[in-house]
Undergrad: 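Could you have a look at this structure, given as structure tokens, before my questions?
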There are 2 protein chains.
Amino acid sequence: MNISDFIKEKRKQLNLTQPELAERAGVGLRFIRELEQGKQSVRLDKVNQVLALFGSEIGVIKKDSPTF
Amino acid sequence: MNISDFIKEKRKQLNLTQPELAERAGVGLRFIRELEQGKQSVRLDKVNQVLALFGSEIGVIKKDSPTF
DNA sequence: TATATTTGTACCTTAAAGGGTATAAATATG
DNA sequence: CATATTTATACCCTTTAAGGTACAAATATA
């Protein structure tokens with residue numbers, strides 16, 4: 001599970017739209033969209049802002065370890 | 001263990017200087033420095049470029065989970 | 001299937017990340 | 001303690017992430 005899919009999935013679980021998630025996370029709508037579409041060159045702090053809503057965050061893992 | 005410390009530690013283990021790590025990872029020297037100093041607003045893909053040298057990568061974890 | 005909602009794409013602007021280089025500070029080594 | 005090596009800071013420049021808005025495409029709903 002990659003970050004993009006994780007976020008999309010968690011958002012769905014909470015029945016939030018992209019604008020709602022952006023609002024709550026305090027990031028721009030476009031950021032959420034690009035993030036969910038797998039953009040790699042995103043800022044770490046912004047990603048963590050979003051993940052914080054789900055009780056998770058970015059961390060270092062071994063390659064091929066299951067995330068979360 | 002946060003990302004900054006993890007990278008600094010791994011680099012030391014391999015007896016690399018910051019310029020050497022930057023060279024190998026294909027990122028700028030300044031990026032390595034800011035990264036090791038805990039800068040949050042770094043690009044995810046660049047971080048992964050560095051972590052790849054250590055056989056690790058960025059992933060989503062639960063808050064307060066031990067990383068790596 | 002028609003309509004409403006949600007998501008994705010495109011354009012523009014602004015702020016700042018990333019890079020190079022030079023130099024100062026800190027650390028290691030003899 | 002003196003010197004060499006490594007790391008941190010400061011400067012400038014270029015690139016681009018992020019945000020806003022508008023519109024198109026896709027998906028859900030009636």
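Letters go in sequence order (proteins before strands), and every chain restarts at 1.
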Undergrad: C/dG18 P sits how many Å from B/Q49 CD, rounded?
TA: 11 Å
Undergrad: About how many Å separate OG of B/S56 and CG of A/D64, when rounded to the nearest 0.5 Å?
TA: 11.5 Å
Undergrad: Please report, rounded to the nearest Å, how far the C1' atom of D/dA8 is from the NZ atom of B/K8.
TA: 10 Å
Undergrad: Run the side-chain contact (heavy atoms from CB on, under 4.5 Å) test against B/E20 and tell me which residues pass, sequence neighbours left out.
TA: B/L16, B/T17
Undergrad: Taking ring pair (Phe, Tyr, Trp, His ring centres under 6.0 Å) as the definition, give me every residue that meets it alongside A/F54, ordered by chain and number, with sequence neighbours left out.
TA: none
Undergrad: Please name the pair of heavy atoms, one in A/G38 and one in A/S4, separated by the smallest distance, quoted to 0.1 Å.
TA: CA-OG, 3.0 Å
Undergrad: Take atom NZ in A/K63; do more than 12 heavy atoms of anything else shown fall under 6.0 Å from it?
TA: yes
Undergrad: Any heavy-atom pair between the side chains of B/E9 and B/D5 that's under 4.5 Å?
TA: no
Undergrad: With a 4.0 Å heavy-atom cut-off, tell me which residues in residues 33-45 of chain B come close to DNA chain C, sorted by residue number.
TA: B/K39, B/S41, B/V42, B/R43
Undergrad: Distances for protein N/O vs nucleotides 27-30 of chain D N/O pairs under 3.5 angstrom?
TA:
none

Undergrad: Check nucleotides 10-15 of chain C for protein N or O atoms closer than 3.5 Å to its own N or O atoms and list the pairs.
TA:
from: C/dC11; atom 1: N4; to: A/R30; atom 2: NH1; distance (Å): 2.9

Undergrad: Can you tell if the side chain of A/V47 reaches within under 4.5 Å of the side chain of B/I58, non-hydrogen atoms only?
TA: no
Undergrad: Please, which pairs that meet ring pair (Phe, Tyr, Trp, His ring centres under 6.0 Å) have at least one residue in residues 3-45 of chain B, sequence neighbours excluded?
TA: B/F6-B/F68
Undergrad: Are any non-hydrogen side-chain atoms of A/Q40 and B/L44 less than 4.5 angstrom apart?
TA: no
Undergrad: Please list, in numerical order, the residues of residues 11-29 of chain B that have a heavy atom closer than 4.0 Å to any atom of DNA chain C.
TA: B/V27, B/G28
Undergrad: Pairs in or reaching into residues 35-56 of chain A: which pass salt bridge (charged side-chain N to carboxylate O under 4.0 Å, His left out), with residues at least two apart or in two chains?
TA: A/R11-A/E36, A/E34-A/K39, A/R43-A/D45
Undergrad: Who else is in A/I61's hydrophobic cluster (ILVMFWY, side-chain heavy atoms under 4.5 Å, direct or via others)?
TA: B/I61
Undergrad: Check side-chain contact (heavy atoms from CB on, under 4.5 Å) between A/L53 and all other residues, then give those that pass, not counting sequence neighbours.
TA: A/L21, A/R24, A/A25
Undergrad: Can you sort out the partners of B/Q37 under side-chain contact (heavy atoms from CB on, under 4.5 Å), two or more places apart, ordered by chain and number?
TA: B/R33
